[in-house]
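This one's a predicted model, so the numbers in the text were calculated from it and none came from an experiment.
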Amino acid sequence: MANINDIAKAFVQHYYNVFETNRAQLIGLYRGESMLTFEGAAMQGPPKIMEKLGSIPGVKFSPQTLDCQPAPGNAILVFVCGNMQIEGGNIMKYSQTFNLLPVPGAAPGNYYVLNDMFRLNYC
């Protein structure tokens, strides 16, 4: 079994690569019970989450740090801090937290995003 640091690192690389290149494909990472809180606005379910993610103009992410912890039910809590740039504008700091749960009935190592919290860091 892969260790959680390897899983978290692979997930983060995949998530931001897909976000930048083919954002619509992120829908497969979310389930009906998945929630996104984006800058304090909460939404649930893939359609609403994708509506929000799709409304963000072209963005380039540069994750700088990644921390993870095991959670009950073989879940993995992932915390990312980094830089982002929207349409070539000023670089902004962000933090994002993912709660990854194993996909029921799938082979080990398959996860979906139960919780996703995103916040720009202004301080």
Report yes or no: do [X] and [Y] belong to one cluster of Ile/Leu/Val/Met/Phe/Trp/Tyr joined by side chain heavy-atom distances under 4.5 Å?
X     : Y      : value
Ile49 : Val78  : yes
Leu77 : Met35  : no
Leu36 : Ile76  : yes
Ile7  : Val113 : yes
Leu26 : Val80  : yes

Distance, nearest 0.5 Å, that separates [atom1] of [X] from [atom2] of [Y]:
X      : Y      : atom1 : atom2 : value
Leu100 : Leu114 : CG    : CG    : 9.5 Å
Phe38  : Met117 : CZ    : CE    : 14.0 Å
Met50  : Ile27  : CE    : CD1   : 6.0 Å
Gln69  : Asn99  : CD    : CG    : 11.0 Å

Report task. State which residues pass salt bridge (Lys or Arg N to Asp or Glu O under 4.0 Å) with Lys60; sequence neighbours excluded, sorted by chain then number. Result ->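 Partners of Lys60 under the salt bridge (Lys or Arg N to Asp or Glu O under 4.0 Å) test: Glu20.
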**Report entry** Partners passing ring pair (Phe, Tyr, Trp, His ring centres under 6.0 Å) against Tyr30 (at least two apart in sequence or in another chain)
**Finding:**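 Applying ring pair (Phe, Tyr, Trp, His ring centres under 6.0 Å) to Tyr30 gives none.
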Ignoring hydrogens, what is the shortest heavy-atom contact between [X] and [Y]? Give both atom names and the distance.
X     : Y     : value
Arg31 : Pro46 : O-CD, 3.2 Å
Ile56 : Arg23 : O-NH1, 2.5 Å
Ala41 : Met43 : O-CE, 3.2 Å

Got a sec, which residues hit side-chain contact (heavy atoms from CB on, under 4.5 Å) with [X], two or more places apart in sequence or on another chain?
X      : answer
Ala106 : Val103, Asn110
Asn5   : Asn3, Cys68
Pro47  : none
Met84  : Val59, Phe61, Ile86, Met92, Tyr94, Phe118, Leu120

Report task. Kindly state each residue pair satisfying ring-ring contact (aromatic ring centres under 6.0 Å, His included) with at least one member in residues 62-91, sequence neighbours excluded. Result ->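 The answer is none; no pair qualifies.
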Requested in this report: Mind jotting down which residue pairs meet the side-chain hydrogen bond (donor to acceptor under 3.5 Å, both in side chains) criterion with at least one end in residues 32-51? Sequence neighbours excluded, please.
Outcome: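 Only Glu33-Tyr112 qualify under side-chain hydrogen bond (donor to acceptor under 3.5 Å, both in side chains).
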Query - Inter- and intrachain pairs under side-chain hydrogen bond (donor to acceptor under 3.5 Å, both in side chains), touching residues 81-93, at least two apart - result: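 Every side-chain hydrogen bond (donor to acceptor under 3.5 Å, both in side chains) pair that includes a residue of residues 81-93, provided the two are not neighbours, is Asn83-Lys93.
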**Report entry** Where at least one partner belongs to residues 98-110, residue pairs that pass salt bridge (charged side-chain N to carboxylate O under 4.0 Å, His left out), sequence neighbours excluded
**Finding:**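 As it turns out, there is no salt bridge (charged side-chain N to carboxylate O under 4.0 Å, His left out) pair with a partner in residues 98-110 once direct neighbours are skipped.
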**Report entry** Non-neighbouring partners of Ser95 that pass side-chain hydrogen bond (donor to acceptor under 3.5 Å, both in side chains), sequence neighbours left out
**Finding:**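 Scan of Ser95 (side-chain hydrogen bond (donor to acceptor under 3.5 Å, both in side chains), adjacent residues dropped) gives Asn121.
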Report task. Please identify each residue that fulfils side-chain hydrogen bond (donor to acceptor under 3.5 Å, both in side chains) with Asp67, with sequence neighbours left out. Result ->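 Counting only residues at least two positions away or on another chain, Asp67 forms no side-chain hydrogen bond (donor to acceptor under 3.5 Å, both in side chains).
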Query raised in the report: Can you find a pair of side-chain heavy atoms, one from Phe19 and one from Gln25, that are under 4.5 Å apart?
Result: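 Answer no - side chains too far apart.
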Query raised in the report: Below 6.0 angstrom between ring centroids: does that apply to Tyr111 and Phe11?
Result: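 Centroid separation for Tyr111 and Phe11: 6.0 Å or greater.
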